[in-house]
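Beneath this line is the structure, given in structure tokens, with notes to follow.
As the structure is a prediction and not an experimental result, all values here were calculated from the model. All residue numbers in this chain count up from 1 along the given sequence.
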Amino acid sequence: MTPDGGGGLMEGWQALGTLWAAIERPAARLVREGALEVSSVRVRIILRAAPHGRSRRPVPGQRLRMGDRVFRILGVAEYDRAAHYLQLWAEEGGA
């Protein structure tokens, strides 16, 4: 939270690092937001693993950014038996 200049606080985002990742299996669907239907794109993202509790390990609620594209992390799990990679389930949008 940062001061908004008017006596309140403003929520913001801070870059934590850079990751190399593969984005797989986009799946689009329509979801209802009030009276509107909007497109929701879900993807699976594969990246190198980091141990539980380490700051390098993404957690649900964080975001990944690729240029103008923003991915909100919904879930995180090991991708392979040796735990060298993680798979993230994410939803595109919601800057």
Side-chain angles (χ1 to χ4, degrees):
M1 302 294 258
T2 56
D4 65 3
L9 295 174
M10 196 167 73
E11 185 177 303
W13 294 95
Q14 177 182 3
L16 299 177
T18 301
L19 299 171
W20 291 88
I23 299 174
E24 298 181 345
R25 299 185 190 171
R29 63 189 178 106
L30 288 176
V31 293
R32 185 166 295 283
E33 287 187 5
L36 299 174
E37 282 190 339
V38 295
S39 176
S40 171
V41 178
R42 293 214 173 167
V43 297
R44 183 169 72 161
I45 301 171
I46 309 299
L47 51 93
R48 286 195 184 271
H52 284 277
R54 300 290 297 265
S55 62
R56 292 185 340 230
R57 185 183 178 103
V59 296
Q62 289 181 326
R63 303 178 319 158
L64 299 176
R65 173 172 231 111
M66 183 174 71
D68 290 339
R69 297 173 72 186
V70 176
F71 302 91
R72 184 172 52 91
I73 300 172
L74 304 172
V76 179
E78 279 67 26
Y79 177 69
D80 58 328
R81 288 182 185 233
H84 292 135
Y85 295 91
L86 294 175
Q87 58 186 337
L88 312 178
W89 291 272
E91 187 170 61
E92 186 171 359

Report the distance from atom [atom1] of [X] to atom [atom2] of [Y], rounding to the nearest 0.5 Å.
X   : Y   : atom1 : atom2 : result
E92 : R72 : CD    : CZ    : 12.0 Å
I45 : L86 : CD1   : CG    : 11.5 Å
I23 : F71 : CD1   : CZ    : 3.5 Å

Residues that, via side-chain heavy atoms closer than 4.5 angstrom, fall in one hydrophobic cluster with I46:
Y79, Y85

Under the salt bridge (Lys or Arg N to Asp or Glu O under 4.0 Å) rule, what pairs show up with a residue in residues 46-58, not counting sequence neighbours?
R57-E78

Closest heavy-atom pair, P60 versus G75, reported as atoms and distance to 0.1 Å, is CG-CA, 4.1 Å

For V59 and V76 the tightest heavy-atom approach is CA-CG2, 4.1 Å

Please check if the side chain of R65 supplies one atom and the backbone of G67 the other of a donor-acceptor pair under 3.5 Å.
yes

Report the C-alpha separation of L74 and E91 in whole Å, then their side-chain angles, then the decisive distance to 0.1 Å, and conclude whether the side chain to side chain contact (heavy atoms under 4.5 Å, CB included) test is met.
CA-CA 7 Å; L74 304 172; E91 187 170 61; 4.1 Å; yes

Consider only side-chain heavy atoms of I, L, V, M, F, W and Y, link residues closer than 4.5 Å, and tell whether V41 and M66 are in one cluster.
yes

Check the pair W89 / R44 against side chain to side chain contact (heavy atoms under 4.5 Å, CB included), numbers first and verdict last.
CA-CA 5 Å; W89 291 272; R44 183 169 72 161; 4.3 Å; yes

